[in-house]
Number of protein chains: 2
Amino acid sequence: MARRPTVPPRSTPPRQADAAQRILNAAYRLFVAHGYHGSSMRRIAAEAGIALGGVYNHFPGKRQLFTAVFLEYHPYRELIPAIEAAGGNTVEAAVRDAAERLLATMHGRPDFINLMFIEVVEMHGENLPALFAVILPRLSTAMQRLTAAGSGLRDLPPPVFMRAFVGMFFSYVITEQMLSPETLAAFPPDTLERFVDIFLHGVVEDGKQGPLPAAGIGPQR
Amino acid sequence: MARRPTVPPRSTPPRQADAAQRILNAAYRLFVAHGYHGSSMRRIAAEAGIALGGVYNHFPGKRQLFTAVFLEYHPYRELIPAIEAAGGNTVEAAVRDAAERLLATMHGRPDFINLMFIEVVEMHGENLPALFAVILPRLSTAMQRLTAAGSGLRDLPPPVFMRAFVGMFFSYVITEQMLSPETLAAFPPDTLERFVDIFLHGVVEDGKQGPLPAAGIGPQR
DNA sequence: CCTACCGATCGGTAGG
DNA sequence: CCTACCGATCGGTAGG
């Protein structure tokens, strides 16, 4: 019964972090390593330092546990601020800055891709609407601010611009994760900058491009 | 013992297709629907119309069965020819034609993405080197032919050009699969053409681009 | 190619 | 929050 002055009174002494947090973290690590069906509740409980039955005091079932992991560990919480923090005197500079910041953020979360894959394949995308409902409005606002920094942009629907930028970035990240080190050695170290450059200016030399697909021209049903 | 003239003599009458083929097909359908750990050998056997034990006469184990499915059902067998069949009078036209042909091919195989996801997450990418060893040389040759159709291309390392083109295309396909119909309604019907157009000419208006990141400028270690 | 079986493990719950 | 248990199912194999 010795007094421990610096410890605030608690009804139950918490071991390390909150049990729910430890479960979430263990589940996250196992899910991204082995997938949803490849991770058992028993193993998750063990890695969280808790008995199997105890997990069900915090989460009603395995599916709900994954949903919680997906929404709490999805890196959009870091990626959106990265875009919001980007800026520059021209649209070009702002786009380049955003890509750099996104890459730096993603390099701390290489397992994010796995989280998305599990969601799409094993959960059949049931959590995607909830995720995009949070992401898309914020992303849209951030992109608008980024591209409003100057004129000089071709006339594109903002959703298309946004989707193309996000696609360009993630296609770089995903291929970087999938290709072997030997294959990646064939790429220059500034490949991301070149991706951004293609996004900004294209692969065709200036003044050489053919007719733009204006409205009324081309396949149109 | 009635004579059946049109049936060639066989030691064992094959029910429908070859048993190995039926197993492969059942495994493919189940894997892409529920993932690797979410598909049992029992269920695969049942869907193939065979007893569990019979599967092991054709495949030594579950992992090897997935490997066989992955390599035999991967749509690169259709995607590469689609690129090889593309052409045009200018690089622009050839790139547009390739994208169109790829999209038409992919629309017949919407589950291909799942196959790749399972490979990356649940199989830890162990079959990727074998796959890329087959794909990359053929893809490289096809892209070279495509871009040799005319000049007018900016000076880019061919692997970067190839990776950016493939990334542009698949980022379109994957987002098309992940976004909800309501979200997709915000995009114009010619969004793929616009993706290709950004790939060709960029998002920045002509004559407005800033200094290109020439060698010697920018972060370089 | 099937039947019958192996030990192991699954998600989940009762009861305390 | 744990112990002990439920029925179901897992990948794989023996033996024919």
Side-chain angles (χ1 to χ4, degrees), chain A residues 9-70 118-119 121-124 126-127, chain B residues 9-70 118-119 121-124 126-127:
Chain A
R10 288 249 196 176
S11 57
T12 306
R15 262 195 326 192
Q16 307 173 39
D18 198 37
Q21 277 303 323
R22 296 205 316 275
I23 295 169
L24 276 174
N25 188 268
Y28 169 69
R29 286 183 282 109
L30 287 170
F31 282 147
V32 297
H34 308 291
Y36 177 79
H37 288 105
S39 309
S40 71
M41 292 296 268
R42 277 165 176 80
R43 180 94 188 270
I44 291 170
E47 300 253 325
I50 206 177
L52 169 65
V55 175
Y56 291 88
N57 294 319
H58 299 275
F59 301 94
K62 193 181 180 184
R63 293 188 78 84
Q64 294 90 336
L65 175 54
F66 179 84
T67 296
V69 166
F70 183 66
I118 294 166
E119 166 62 22
V121 176
E122 297 188 278
M123 311 307 282
H124 299 129
E126 66 180 23
N127 298 304
Chain B
R10 286 250 198 176
S11 56
T12 307
R15 262 196 326 193
Q16 308 172 40
D18 200 36
Q21 277 303 321
R22 295 204 318 273
I23 296 169
L24 275 174
N25 189 267
Y28 169 70
R29 285 183 284 110
L30 287 169
F31 282 147
V32 298
H34 308 292
Y36 177 79
H37 289 105
S39 308
S40 71
M41 293 294 270
R42 275 166 178 79
R43 181 96 187 269
I44 292 169
E47 300 253 324
I50 205 177
L52 169 65
V55 176
Y56 291 88
N57 294 319
H58 299 276
F59 302 94
K62 193 180 180 185
R63 293 189 78 84
Q64 294 90 335
L65 175 55
F66 179 83
T67 296
V69 166
F70 183 66
I118 295 166
E119 166 62 22
V121 175
E122 298 188 276
M123 310 308 283
H124 300 128
E126 64 179 26
N127 298 304

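All chains are named by letter (A, B, ...) in the order of the sequence lines, taking the proteins before the strands, and each is independently numbered beginning at 1.
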Note to self: For a quick test of reading the model, state the closest non-hydrogen atom pair linking A:Leu24 to A:Ala68 and the distance between them.
What the structure shows: CD2-CB, 3.8 Å
Checklist line | Where B:Glu47 and B:Ala26 come nearest, the two heavy atoms and their spacing | finding: CB-CB, 3.8 Å
Check: How does DNA chain C look in dot-bracket notation if pairs are Watson-Crick or G-U with both distances under 3.5 Å, crossing ones as [ ], other-strand ones as |?
Finding: ||||||||||||||||
Item checked: Interatomic distance, A:Phe70 atom CZ to A:Tyr28 atom OH [nearest 0.5 angstrom] -> 11.5 Å
Check: To the nearest angstrom, how far is A:Arg43 atom CZ from C:dA8 atom C1'?
Finding: 15 Å
Next item on the list: From the options C:dT3, C:dC10, C:dC6, select the nucleotide whose nearest atom is closest to the side chain of A:Arg42.
Entry: C:dC10
Next item on the list: Take atom CD1 of B:Ile44 and atom C1' of D:dC10, then tell me their distance rounded to the nearest Å.
Entry: 12 Å
Item checked: Closest non-hydrogen atom pair, B:Glu119 against B:Asn127 -> OE2-N, 2.6 Å
Note to self: Distance check needed: C:dG11 P versus A:Leu52 CG, whole Å only.
What the structure shows: 8 Å
Item checked: Considering all heavy atoms, the nearest A:Ala27-A:Val69 contact -> CB-CG2, 3.8 Å
Notebook entry, point to check: Quick one: does B:His124's side chain have a donor or acceptor within less than 3.5 Å of a partner on A:His34's backbone?
Noted result: no
Next item on the list: Whole angstrom is fine here: how far is it from CE in A:Met41 over to C1' in D:dT3?
Entry: 17 Å
Margin query: Let's see if you get this right: which residues in residues 54-65 of chain A place a heavy atom under 4.0 Å from DNA chain C?
Written below: A:Tyr56, A:Gly61, A:Lys62
Check: Which pair of heavy atoms, one from A:Ser39 and one from A:Leu30, lies closest together, and at what distance?
Finding: OG-O, 3.0 Å
Next item on the list: For the residue pair A:Phe31 and A:Tyr36, categorise the inter-ring angle as parallel (less than 30°), tilted (30 to 60°) or perpendicular (more than 60°).
Entry: parallel
Note to self: Looking only at the side chain of B:Ile50 (C-beta and beyond, no hydrogens), which of the listed nucleotides D:dC10, D:dC1, C:dC2 gets closest?
What the structure shows: C:dC2
Check: For the residue pair A:Ala20 and A:His58, what are the closest heavy atoms and their distance?
Finding: CB-ND1, 3.7 Å
Notebook entry, point to check: Can you tell which of C:dG11, C:dC1, D:dG11 lies closest to the side chain of B:Ala19?
Noted result: C:dC1
Note to self: Is the shortest side-chain heavy-atom distance between A:Asn25 and A:Arg29 below 4.5 Å?
What the structure shows: yes
Margin query: Quick one, A:Ile44 and A:Leu65 - any side-chain contact, counting heavy atoms below 4.5 Å?
Written below: yes
Notebook entry, point to check: For DNA chain C, which residues in residues 25-40 of chain A have a heavy atom at a distance below 4.0 Å?
Noted result: A:Ser39, A:Ser40
